[in-house]
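A short worksheet on the structure shown next.
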Amino acid sequence: MSHRDKLSYIILGLLKTEPLSGYDLKKKFESEVGEFWQANTGQIYPSLRVLLNDQAVTFDVHIVGEKLEKKTYQITPKGIELFNEWLKHPVDRYPIQKDEFMLRLYFLDDKNEANLQKLIEEESIVHQKKLEYLIKRQKDLFGEDEKNKKSGHYLVLDFAIQRETFKKEWLDSLLKDLK
């Protein structure tokens, strides 16, 4: 497995907590790790094939309904070893993410003040909804227990909440200055 194949490591990490089908992995990307890594089924299934070939995962076949076969993947001891080795390596730095809002903001000038205000208002709503979702998600997963605050998953959610709080406050201050 290539050391640059981050998706395979993410899949191993997800399988480390519980066996999952390809569909379940896709759902995890939408709800759990989607905040910082995106993947679709067209990427997940080829990565699973590589992991199977590398003997990092295995699968069981279950019949669902009358005859639908569902594969549930599990991490192997070799997969755990590969995953743990990956965790020890320094983090590769990635290029800046694409952000269409910031791109549009960059190109607006004072002649477009009505467009500017509308753009910022819409973005503020997006970040408010995202912030509400993240706060609820953190509470649902971790409650108020102090020991949970040392979990990596908790820390990622905490970072996302702080980021969204900052963005929302910044957008609101821009709106205040425009009025």
Side-chain angles (χ1 to χ4, degrees), residues 1-18 20-51 73 83 86-87 89-142 148-179:
M1 185 167 59
S2 165
H3 74 284
R4 291 191 175 100
D5 183 12
K6 305 295 185 260
L7 180 56
S8 292
Y9 292 114
I10 297 166
I11 290 170
L12 290 174
L14 292 170
L15 292 175
K16 211 173 154 197
T17 59
E18 64 182 319
L20 298 164
S21 69
Y23 176 79
D24 296 332
L25 284 164
K26 171 67 175 129
K27 289 296 178 193
K28 290 283 188 181
F29 275 95
E30 291 171 358
S31 65
E32 300 296 323
V33 297
E35 183 62 34
F36 47 90
W37 203 278
Q38 302 288 313
N40 59 45
T41 53
Q43 298 166 301
I44 293 169
Y45 285 105
S47 291
L48 283 169
R49 279 193 293 281
V50 169
L51 291 168
Y73 297 87
F83 179 77
W86 172 70
L87 287 177
H89 289 283
V91 174
D92 292 337
R93 299 297 165 198
Y94 295 100
I96 295 172
Q97 297 296 310
K98 295 176 182 174
D99 185 333
E100 187 176 350
F101 166 76
M102 292 303 261
L103 185 62
R104 288 179 184 207
L105 187 61
Y106 179 83
F107 287 113
L108 284 172
D109 57 29
D110 58 354
K111 296 177 200 108
N112 294 311
E113 193 167 314
N115 291 338
L116 178 62
Q117 185 167 341
K118 184 176 187 283
L119 180 70
I120 294 170
E121 286 170 348
E122 290 170 353
E123 191 72 4
S124 181
I125 291 167
V126 166
H127 289 285
Q128 180 62 42
K129 288 178 180 175
K130 196 169 191 179
L131 180 59
E132 290 167 2
Y133 167 79
L134 291 167
I135 290 168
K136 182 182 181 322
R137 185 82 181 130
Q138 187 179 53
K139 187 176 180 182
D140 290 348
L141 288 174
F142 300 104
N148 290 328
K149 293 184 178 181
K150 293 183 180 165
S151 153
H153 191 167
Y154 179 91
L155 295 173
V156 167
L157 279 171
D158 187 59
F159 173 79
I161 289 167
Q162 290 187 42
R163 182 195 61 225
E164 292 305 315
T165 300
F166 169 78
K167 285 182 177 180
K168 176 75 170 105
E169 289 172 355
W170 179 72
L171 291 163
D172 290 347
S173 74
L174 293 177
L175 285 171
K176 183 179 174 187
D177 290 345
L178 287 173
K179 293 181 180 181

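Residues: numbered from 1 along the sequence shown.
The salt bridge (charged side-chain N to carboxylate O under 4.0 Å, His left out) check on Lys136 picks up Asp140, with sequence neighbours excluded. Residues forming a side chain to side chain contact (heavy atoms under 4.5 Å, CB included) with Lys27 (at least two apart in sequence, or on another chain): Tyr23, Glu30. Listed by chain and number, the residues in a salt bridge (charged side-chain N to carboxylate O under 4.0 Å, His left out) with Glu18 are Lys28 (sequence neighbours excluded). Remark: Arg49 pairs with no residue by the salt bridge (charged side-chain N to carboxylate O under 4.0 Å, His left out) rule, at least two apart or across chains. Partners of Phe29 under the ring pair (Phe, Tyr, Trp, His ring centres under 6.0 Å) rule, at least two apart in sequence or in another chain, do not exist in this structure. Every residue meeting the side chain to side chain contact (heavy atoms under 4.5 Å, CB included) condition with Ile135, not counting sequence neighbours, appears here in chain and number order: Leu131, Ile161. Applying the side chain to side chain contact (heavy atoms under 4.5 Å, CB included) test to Glu122 and every residue at least two apart in sequence or in another chain returns Lys118. Shown here are the ring pair (Phe, Tyr, Trp, His ring centres under 6.0 Å) partners of Tyr154, two or more places apart in sequence or in another chain: Phe142. Asp99 is linked by a side chain to side chain contact (heavy atoms under 4.5 Å, CB included) to Phe101, Met102, counting only residues two or more places apart in sequence or in another chain. Applying the salt bridge (charged side-chain N to carboxylate O under 4.0 Å, His left out) rule to Asp172 yields the partners Lys168; only residues at least two apart in sequence or on another chain are considered. Among residues two or more places apart in sequence or in another chain, the side-chain hydrogen bond (donor to acceptor under 3.5 Å, both in side chains) test is passed with Ser21 by Asp24.
Closest of all the heavy-atom pairs between Leu171 and His127 is CD1-CD2, 3.6 Å. Across Leu20 and Leu14, no two heavy atoms sit closer than the pair CD1-O, 3.9 Å. In terms of heavy atoms, Arg104 sits closest to Leu119 at CB-CD2, 3.9 Å. In terms of heavy atoms, Leu48 sits closest to Gly22 at CD1-CA, 4.3 Å.
Lys139 NZ: 12 or fewer foreign heavy atoms inside a 6.0 Å radius.
Listed by first and then second residue, the salt bridge (charged side-chain N to carboxylate O under 4.0 Å, His left out) pairs that reach into residues 148-157 are Glu146-Lys149, sequence neighbours excluded.
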